[in-house]
Amino acid sequence: MNYWLSNGAPASKLIVGVPTYGHTFMLSNPSNNGIGAPTSGNGPAGPYTRQAGFLAYYEICTFLKNGATENWSSAEEVPYAYQGNEWFGYDNVKSVTLKAQWLMKNNLAGAMVWAIDLDDFTGTFCNQGKFPLITALKTTLGAAQLLLFLSPQSQQLLPQQRHLVVAAVEAEALEEVDSVQEKPAVFTQLLETKTPSGTVSMESPISNTARLA
């Protein structure tokens, strides 16, 4: 962002992207686990997102609960964590709040979130309330400066599912948000919705495909 600003881009046209996911890597040497440590490849896929090298924020919270060591990088103002030979880089409530404060200080246009369904939308994985990262942004910025998107996984749902608007999302994450790309389909572990072709059963918060029961 500093590059764009220093080369004359108007601050009022710049939007900071904020991830609700993290990237994971396999450490070449588990004892060398700081930022910049050598790695041998992507970390394993998460149980819900199912993509190597990529974890939703709520999946990262599970690793932290299961004993991963979390550290804070003062230089980058972000957390990172490791467990054995797995390494995780991500944002948390603290780092998201700092990003929001920074963009306001520099009079930038606002923040873009990728993606709404990768935050802890149930509030049960991280124990920080529903949508902790998006809520931190909304609280710091105000809703008018927040743009939300859905992840590619959500595009795999049936049309009937994709246009569901769950009250919890509107109340907890989208209240007063003016600019939303699409009405979100919210995924719950036990969500079942009748469709003309049968019952769509979602067995995980983010499923690659909808299963017809």
Side-chain angles (χ1 to χ4, degrees), residues 1 14-25 33-35 43 46-49 53-83 86-106 108-151 153-154 166 168-180 184 186-189 205-206:
M1 197 61 68
L14 295 178
I15 294 176
V16 176
V18 178
T20 54
Y21 60 88
H23 286 296
T24 70
F25 304 91
N33 47 45
I35 292 179
Y48 300 120
T49 51
F54 178 94
L55 292 176
Y57 181 59
Y58 58 83
E59 291 176 314
I60 292 172
C61 287
T62 299
F63 277 97
L64 294 175
K65 287 182 179 180
N66 290 338
T69 299
E70 184 177 42
N71 286 335
W72 179 261
S73 171
S74 298
E76 290 84 1
E77 295 188 323
V78 291
Y80 67 94
Y82 56 89
Q83 186 174 36
E86 295 182 42
W87 192 96
F88 315 90
Y90 55 98
D91 274 289
N92 62 10
V93 170
K94 179 180 177 180
S95 65
V96 164
T97 300
L98 289 171
K99 283 179 170 65
Q101 292 170 346
W102 179 86
L103 75 87
M104 292 180 68
K105 179 181 177 181
N106 288 273
L108 302 184
M112 178 276 290
V113 175
W114 188 269
I116 186 173
D117 49 301
L118 301 176
D119 202 352
D120 184 14
F121 54 85
T122 66
T124 59
F125 288 85
C126 305
N127 297 325
Q128 298 168 338
K130 295 179 180 179
F131 301 98
L133 302 184
I134 294 172
T135 298
L137 275 177
K138 177 187 171 185
T139 300
T140 307
L141 294 179
Q145 290 181 288
L146 186 58
L147 179 65
L148 303 175
F149 290 88
L150 294 170
S151 72
Q153 286 91 339
S154 70
V166 176
V169 175
E170 292 187 321
E172 301 292 339
L174 301 182
E175 182 182 1
E176 299 178 356
V177 174
D178 296 327
S179 183
V180 181
V186 177
F187 317 107
T188 60
Q189 289 178 312
I206 303 174

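- Below 30°, between 30° and 60°, or above 60°: for Phe121 and Tyr58 the angle between ring planes is above 60°, a perpendicular geometry.
- In terms of modelled atom types and a separation under 3.5 Å, the side chain of Thr135 and the main chain of Phe131 share a donor-acceptor contact.
- When all heavy atoms of Leu118 and Ala56 are compared, the closest pair comes out as O-CB, 3.6 Å.
- A distance-only check finds a donor-acceptor pair linking the side chain of Gln83 to the backbone of Asn66 [under 3.5 Å].
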Checking side-chain hydrogen bond (donor to acceptor under 3.5 Å, both in side chains) for the pair Glu59/Tyr90: CA distance, chi angles, key distance, verdict?
CA-CA 11 Å; Glu59 291 176 314; Tyr90 55 98; over 6 Å; no
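- Of all non-hydrogen atoms in Cys126 and Asp120, the two that sit nearest each other are N-OD2, 2.9 Å.
- The nearest pair of heavy atoms linking Leu55 to Gly46 is CD2-CA, 3.4 Å.
- The structure places OH of Tyr57 at 11.0 Å from OG1 of Thr62, a figure rounded to the nearest 0.5 Å.
- The backbone N or O of Ala115 lies less than 3.5 Å from a partner atom in the side chain of Thr20, making a donor-acceptor pair.
- Leu133 places none of its side-chain heavy atoms less than 4.5 Å from the side chain of Val18.
- A pairwise comparison of heavy atoms in Gly34 and Trp87 identifies O-NE1, 3.8 Å as the closest pair.
- The two residues Pro132 and Gly129 make their nearest non-hydrogen contact at CD-O, 3.4 Å.
- Within the 4.5 Å cutoff, the side chain of Lys65 has heavy atoms near those of the Asn127 side chain.
- Side-chain contact between Glu77 and Trp102: absent, with no pair of heavy atoms (C-beta onward) separated by less than 4.5 Å.
- Here OH of Tyr80 is found 15.0 Å from CD1 of Ile60. Values are rounded to the nearest 0.5 Å.
- Between the Asn33 side chain and the Tyr82 main chain, no donor and acceptor come within less than 3.5 Å of each other.
- A 4.5 Å side-chain heavy-atom check between Asp91 and Val78 finds at least one atom pair inside the cut-off.
- Separation of the Trp114 and Tyr21 ring centroids does not fall under the 6.0 Å cut-off.
- Side-chain contact check for Glu70 versus Asn92: some heavy-atom pair is nearer than 4.5 Å.
- Of all non-hydrogen atoms in Lys130 and Thr122, the two that sit nearest each other are CG-O, 3.7 Å.
- The closest side-chain heavy-atom distance from Thr139 to Leu137 is not below 4.5 Å.
- When side chains are defined from C-beta on, Glu86 does not count as touching Thr24, because their heavy atoms never get closer than 4.5 Å.
- By the 30° and 60° cut-offs, the orientation of the rings of Tyr48 relative to Phe125 is perpendicular.
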